[in-house]
Amino acid sequence: SGTTASLANNVAGNITITGWKSYMLLSIQTSAAAWVTVYTSSAARTCEASRTITTDPTPGSGVIAEVITTSASTQIFSPAVFGFSDESSPSIAIQLKVVNKSGSATAIIVAMKLVRLEA
């Protein structure tokens with residue numbers, strides 16, 4: 001899991017969650033209403049910074065998954081989503097963008113349930 005700094009409503013923050021170089025994403029849990037996007041790399045996250053919530057990501061843009069919650073909740077992925085690091089040197093750092101959608105300033109806690117794929 002990871003926690004953003006306190007974010008004003010509709011403001012994005014970047015966090016990194018420690019995971020594995022490749023994994024299956026089973027669920028994402030948020031502590032408040034949020035738009036959470038999971039990326040293959042920090043460069044992919046940077047390139048996506050201006051995309052709006054109503055615009056689908058471009059195929060091949062490095063978006064692994066995203067959820068939009070209206071309160072503290074858990075989104076289950078069925079089937080599970082394959083995730084991986086596409087950094088020049090693959091890393092266990094999972095890159096996320098989190099946008100506060102709660103209506104007031106708050107820090108958002110994001111927890112990911114993952115299954116490790118590589119040994």
Side-chain angles (χ1 to χ4, degrees):
S1 65
T3 305
T4 68
S6 182
L7 301 172
N9 190 51
N10 288 319
V11 171
N14 293 331
I15 61 173
T16 301
I17 293 178
T18 302
W20 294 283
K21 294 176 186 177
S22 64
Y23 55 89
M24 294 302 290
L25 173 59
L26 305 180
S27 67
I28 293 177
Q29 180 179 18
T30 61
S31 62
W35 171 28
V36 179
T37 309
V38 182
Y39 296 96
T40 58
S41 66
S42 58
R45 181 175 63 190
T46 299
C47 288
E48 281 271 311
S50 64
R51 182 171 61 88
T52 64
I53 197 168
T54 58
T55 303
D56 286 337
T58 303
S61 64
V63 173
I64 292 172
E66 65 183 353
V67 298
I68 301 168
T69 64
T70 56
S71 63
S73 64
T74 300
Q75 176 64 54
I76 297 171
F77 294 96
S78 177
V81 176
F82 176 72
F84 63 97
S85 172
D86 193 34
E87 302 287 358
S88 56
S89 177
S91 167
I92 61 171
I94 301 172
Q95 306 298 326
L96 285 81
K97 176 181 76 177
V98 181
V99 179
N100 177 9
K101 303 301 285 179
S102 71
S104 60
T106 191
I108 307 285
I109 301 167
V110 178
M112 299 171 67
K113 187 181 287 186
L114 306 170
V115 174
R116 181 180 182 174
L117 293 181
E118 89 286 353

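One N or O on the side chain of Ser41 and one on the backbone of Ala44 form a donor-acceptor pair closer than 3.5 Å. Side-chain N or O atoms of Glu87 include one that pairs as donor or acceptor with a backbone N or O of Ser42 at under 3.5 Å. Gln29 places no side-chain N or O within donor-acceptor distance of the main-chain N or O of Ala111, the cut-off being under 3.5 Å.
Residues that satisfy the side chain to side chain contact (heavy atoms under 4.5 Å, CB included) test with Ala107, not counting sequence neighbours, are Thr3, Thr4. Residues satisfying the ring-ring contact (aromatic ring centres under 6.0 Å, His included) test with Phe77, not counting sequence neighbours, are none. When the side chain to side chain contact (heavy atoms under 4.5 Å, CB included) test is applied to Thr16, the partners found at least two apart in sequence or on another chain are Arg45, Ala93, Gln95. In this view, Ser31 and Ile108, Ile109 satisfy the side chain to side chain contact (heavy atoms under 4.5 Å, CB included) rule, not counting sequence neighbours.
Taking hydrophobic clusters as Ile, Leu, Val, Met, Phe, Trp and Tyr residues chained together by side-chain heavy-atom distances below 4.5 Å, Val99 shares a cluster with Ile53. Val36 and Leu114 fall within the same hydrophobic cluster, defined by Ile, Leu, Val, Met, Phe, Trp and Tyr side-chain heavy atoms under 4.5 Å apart, directly or through other members. Connection of Ile17 to Val81 is established within a shared hydrophobic cluster, with ILVMFWY side chains joined at heavy-atom distances below 4.5 Å, either directly or through further cluster members.
The distance from atom OG1 of Thr106 to atom CG of Leu7, rounded to the nearest 0.5 Å, is 8.5 Å. In this structure, CD1 on Ile28 lies 8.0 Å from CD on Gln75, to the nearest 0.5 angstrom. Ser102 contributes atom OG, which lies 9.0 Å from atom CG of Asn10 (distance to the nearest 0.5 angstrom). The distance from atom CE of Met112 to atom CG of Leu25, rounded to the nearest 0.5 Å, is 4.5 Å.
Summarising the local packing, CD1 of Ile76 is surrounded by 12 or fewer heavy atoms from other residues, nucleotides or ligands at distances under 6.0 Å.
Other residues sharing a hydrophobic cluster with Tyr39 under the 4.5 Å side-chain heavy-atom criterion for ILVMFWY residues are Val63.
Side-chain atoms of Glu66 and Glu48, non-hydrogen and from C-beta on, never get closer than 4.5 Å to each other. Between Val98 and Ile15, the closest side-chain pair of non-hydrogen atoms falls below 4.5 Å. Between Leu117 and Phe82 the shortest side-chain heavy-atom distance falls below 4.5 Å. Here the side chains of Val11 and Asn100 are not in contact, with every heavy-atom distance at 4.5 Å or above.
The two atoms that bring Ala34 and Thr30 nearest to each other are CB-CG2, 4.3 Å, heavy atoms only. Heavy atoms only, all atoms of each residue included: Lys21 and Pro90 are closest at CE-O, 3.6 Å. Taking every heavy atom of both residues into account, Phe84 and Tyr23 meet most closely at N-CE2, 3.8 Å. When all heavy atoms of Ser85 and Ser91 are compared, the closest pair comes out as OG-N, 2.9 Å. Here the closest non-hydrogen pair linking Asp56 and Arg51 is O-CD, 3.9 Å. Smallest separation of non-hydrogen atoms from Ala32 and Thr69: O-OG1, 3.4 Å.
The side-chain contact (heavy atoms from CB on, under 4.5 Å) with Ile64 is formed by just one residue from the set Asp86, Ile94, Val38, Leu96; it is Val38.
Residue pairs meeting the salt bridge (charged side-chain N to carboxylate O under 4.0 Å, His left out) criterion with at least one partner in residues 24-42, sequence neighbours excluded, are absent.
Side-chain atoms of Lys101 and Asn9 form no donor-acceptor pair, as typed in the model, at a separation below 3.5 Å.
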